[in-house]
Each structure stands twice: as structure tokens, then as C-alpha cells.
Asker: 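One structure coming up, written as C-alpha cells, with questions to follow.
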Amino acid sequence: MEGNPGLQAKATADDDRVTVGDVAALLAAVRPCGNRAGLIDQLRELEDLKSAAAGLQARIAVAFDARERGAQHKAGVPAAELGRGVAGQIALARRESPARGSRLLGLAKALVTEMPHTLAALHTGQLNEWRATLLVKETACLSAPDRCAVDEQLAADTGALAGMGDRALAAARTAAYRLDPRSVVNRASNAAADRHVSLRPAPDTMTYLTALLPVREGVAVHAVHAALARHADTSRAAADTRSRGQIMADTLIERITGTPGGITGVQIQLIMTDRTLLQGDTEPARLPGYGIIPAEWARTAAFASPHANADGTDTTNDGDSTGRGGFTTWLRRLYTAPATGELVAMDSRARIYPPGLRRFIQTRDDTCRTPYCDAPIRHLDHIIPWHRGGTTSLDNGAGLCETCNHTKETPGWTVKPRPGPRHTIQITTPSDHKYQSTAPPLPGTLPSLTHGQSRGPRKRAKALKLARYAEQRAA
């Protein structure tokens, strides 16, 4: 459930003006044109409409921020904390993550208060929201007067924005440097503070390993890249059947981790059904930090050797008795309720979640429980706070990222458990809009219930016997 229709109706009655819903209804009545030229015109007009909507969203976001700050000031919130939680409400309304909501609010403030010409170009469709964002980023280091001067140089009536693509927006960087070269240089010197390494999911059970580095260190890493290329060329000359890119990737992982195959004893917490693990079922598995993965890949990850060749043969002789070449596979059984797939609960009297219950909640929630936020879980949160009588229990626990946990503590925000499938919580914002969050289904808990029941008691008993046997082997 999102939004509050009662509040929307009240706002309509108070304002007595055309609402966004009225515009959406009119847009739904538009049909594709009957000729080629008309279709292209419609595409352009819709693009202009999207830009105009983005401009209006910016103005609305700034107005909402001012209202919230005023309400917080009247409530006695310290000046340093005014505006806290505003970005979170904007993110929920726009179905975006909290981090994205914060960037959108910053963009809106810059456009409305310091860059009126850019905002006008957005309203008229000469810029889209992404290119307006680029202009704001390129002028972020300038003072308000200098930023206004750049905005005026790039005004729509000067023709500077006509046909401008993403790279052509470097004109803003040039104008910023001419006005205040010291600020631009200082920004470049401080950019090293943003260096980081990230690991992001990629399609087909792959990942992106990326690093943002200062140019000097980047040049040094380029030398490492060249060394990997030379090693790959040497291996290829020695009849290695892998491609050049495959050899470079494998060598990089080996040199980072210090072990062939890159397996260093890290727990991966792979979650799958017993049917997927032991009976060749096609029910997908879930890999924390990545997401849904194919069943065959999950079985291979659970039982294949880290030192295996392409044909599956092991290249080492120091594997364990199960023949998995150095893997230690532990099976931890997770019991779920037959009707809902809810994990079996367990409670604790401790103030801090103990390791077992913490792992349990992380397995259930997978990522931050705030709607639209896919950030990793950093905090185990008491839904009903401990100081208000909340218990350290599975039902009263939720995995949150650091930002969402801090936002939840802002005055006016409330979170409470709700009845529903699996584990459901309701988030209420200071504007009295309500959002529900339900824990994601575990592999096999929803689509496989009927499938599992249709196999009959004998097959279910056999599957349970196989699971117990595999657990004994792993122990």
C-alpha cells in the first residue's frame, strides 16, 4: 500500500485546481498516431512532457523540504538536524532508494534556488533530468553567484543547449573554470577522498569489480593490467585453451586472494531448497549480496572443486574425503511454515541480537527492508524500539542499511509489524503516507508449495532422508 488517497482528495478540494491525476488520465487517453511523422512527433512531445514533469518534481521537492523544515523548527528540532528524513520521504514517493532520494533533493535545490535557466530548459524539454543533473554536478564547486553566472551563460535562449549531448555538457566545466579556477582545482585535489572499490552484481551469475582511484594510482594499476596481459599472452603461447580475457581474470583473482581459484574459506551462505541441492530440481537459489541464481550454478558452487579443470577433474591431491578439493560444505537446515514460507522464529532476551538470530534475520531479509532500497544490511534494528518494550525477537527484528536506520529514528517516522505473508512491516512517514515491506520469499517457498505437496509422502520422506544423509556427510 502506497500513498494516502484521503490526503490526496483533501489536497484537491483545498486547492481546487488541476491535479497530476487529471493529467495522467488525459495521457492514458492518447493513442499512437496513424502515420510515421505523427509517431515521431508523439515521441518528442512525450519526452518534453517527461522533462516538464521532472522540473515540476524539483519545485515540489523544494516546497516540501521547506514545509518539513518549518514543521520541524516549530517542533523544537535543533537547527543542525532540520531537514532530516526529508530525502527519505522523497525517495519513497518516487520509488527510489534513500541515497537516490538525497541526490534528487540536492538537484532540486540547486535548480530552483541557483540555476533558474537550467530549470526553465528542463521545463521546456530542452534538457532531460539526467543532463540537468550533469550541469548541476559540474558547477557544484562554485559559489552561488558564480553558479548563477554559469547558468546564465548556458541559458536556453543563447542556443548553447541546442543539440547538446552528455559530453558536450563539458561546456559547463569550461565556464566554471573561467569564473573560479581555484575552486575547480580544489575540487580535483579533494576528489581523492571519494576513492573506493565496489563489487556489484552483473547478469548471468557474474559480478563487476570496479575501483575509483586517483590518476597516479590508476596509472600504477594500468601497469598491473599490462602484466596480466603479458601473462595471458605467454599462457596462450603455451597452448592454454582459455581466452586471453579469461586468463587475465583468473590470474587477477589468484593474485588478489593468494590461492588458485580465489577460494579463501569465505562463507558464501548459499540458500537453496533440498530438492535443488539433492534431486536436480530447477528451483532457483539465492546468493546473499547478489540475488537469484540458477539451480545448476548453485549445485556446482556447493559441490565443485575450487581447483577443478574445465572437465571437472581436480588439479590437487589435498582435497577432503568428499572429493570437493578443499571445500568444506556445511548444510544448515532452515524450516519454513507450510502455508506462508515464514522462517521458524526464535527469541532472545539479550539487548543485542546474538549471532545466530542475527544470521537468521539477514537470511530472511537479504537486503535493507525499506521499500526500493537494495543496500546491504548493516544494522539489525528493533522494529518496536527496545526502550519502548520491544523484544529482541525475529518478529521484532528487521535488517536495515545505516541510512535507513538513522532515518527511522527521525521524529514523525513510525514502523510497526503488520499481519501479512512472511514478515511484513508498515512504515509511516511524517506526512502520514504508509508503505509496506514484506520479506522476500526464500527459494522454493512460494511457487514450490503445491509442487512439493504433489510429490506424495513417499517422495517427501525420501527427500528428507537424503537431506539428513547429506548433513551427516558434511558434518
Side-chain angles (χ1 to χ4, degrees), residues 87 91 96-104 106-107 129-131 133-138 140-141 165-167 169-170 173 184 187-233 235 242-270 285-294 297-298 301 306 362 366-368 370 372-378 399-404:
E96 298 282 3
S97 69
R100 173 72 173 156
S102 180
R103 291 194 294 269
L104 288 171
L107 169 68
E129 189 176 34
W130 171 243
R131 290 182 181 136
T133 302
L134 293 178
L135 284 174
V136 169
K137 289 175 63 177
E138 291 296 340
C141 62
D166 293 354
R167 291 188 177 183
L169 289 173
R173 187 181 311 162
V184 177
R187 182 178 70 172
S189 63
N190 294 329
D194 296 328
R195 63 189 184 277
H196 67 273
V197 177
S198 63
L199 189 67
R200 297 174 291 113
D204 302 323
T205 65
M206 303 293 283
T207 57
Y208 294 110
L209 174 63
T210 59
L212 179 65
L213 303 173
V215 65
R216 183 177 59 184
E217 286 77 2
V219 171
V221 172
H222 179 71
V224 175
H225 181 271
L228 291 174
R230 288 194 298 271
H231 174 75
D233 293 338
S235 299
R242 293 173 295 172
S243 70
R244 189 171 185 265
Q246 290 172 341
I247 296 173
M248 292 176 66
D250 295 344
T251 305
L252 173 65
I253 296 302
E254 181 175 341
R255 292 181 180 179
I256 290 176
T257 62
T259 57
I263 304 300
T264 57
V266 176
Q267 296 187 28
I268 63 173
Q269 303 288 348
L270 189 58
R286 192 174 81 194
L287 182 63
Y290 181 87
I292 300 301
I293 59 174
W297 189 97
Q362 289 174 330
D366 192 34
T367 59
C368 177
T370 300
Y372 317 116
C373 183
D374 296 325
I377 293 174
R378 300 299 184 199
L400 296 176
C401 69
E402 185 174 356
T403 299
C404 290

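Keep in mind that the numbers below use all heavy atoms, side chains included, and drop hydrogens, waters and symmetry copies.
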Asker: I need the minimum non-hydrogen distance between Asp194 and His196, along with the two atoms involved.
Answerer: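 Distance-wise, the nearest heavy atoms are O-ND1, 2.9 Å.
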Asker: Work out which heavy atom in Met248 is nearest to a heavy atom in His225; give both atom names and the distance.
Answerer: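 Closest heavy-atom pair between Met248 and His225: CE-NE2, 3.5 Å.
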Asker: Nearest 0.5 Å, please: how far is CG in Asp250 from CZ in Arg242?
Answerer: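 Reported value, rounded in 0.5 Å steps: 4.5 Å.
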Asker: Mind checking the CG-CG spacing from Asp233 to Leu228? Nearest 0.5 Å is all I need.
Answerer: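 Interatomic distance, Asp233 CG to Leu228 CG, rounded to 0.5 Å: 11.0 Å.
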Asker: Taking all heavy atoms of Cys373 and all of Cys401, pick out the closest pair and write down the distance.
Answerer: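 Looking at all heavy atoms of both residues, the shortest contact is SG-SG, 3.9 Å.
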Asker: So which atom in Ala298 and which in Ile293 form the shortest heavy-atom distance, rounded to 0.1 Å?
Answerer: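 Between these two residues, the closest heavy atoms are CB-CD1, 4.0 Å.
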Asker: Please find the pair of heavy atoms, one from Cys368 and one from Ile377, that lie closest to each other, and give the distance.
Answerer: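 Taking Cys368 first and Ile377 second, the nearest heavy atoms are N-CG1, 3.9 Å.
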Asker: If you look at every heavy atom in Thr367 and Ala375, which pair is closest and at what distance?
Answerer: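 Minimum heavy-atom contact is CB-O, 3.6 Å.
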Asker: Just verifying a value: how many Å separate Ile247 CD1 and Leu252 CG, rounded to the nearest 0.5 Å?
Answerer: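 So the CD1 of Ile247 and the CG of Leu252 are separated by 13.5 Å.
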Asker: Nearest 0.5 Å please: distance from the OG1 atom of Thr133 over to the CD atom of Glu129.
Answerer: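 With rounding to 0.5 Å, OG1 (Thr133) is 5.5 Å from CD (Glu129).
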Asker: To the nearest 0.5 angstrom, please state how far the OG1 atom of Thr207 sits from the CZ atom of Arg200.
Answerer: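 These two atoms lie 9.5 Å from each other.
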Asker: How many angstroms lie between CZ in Arg286 and CD1 in Ile292, if you round to the nearest 0.5 Å?
Answerer: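 Between atom CZ of Arg286 and atom CD1 of Ile292 there are 6.5 Å.
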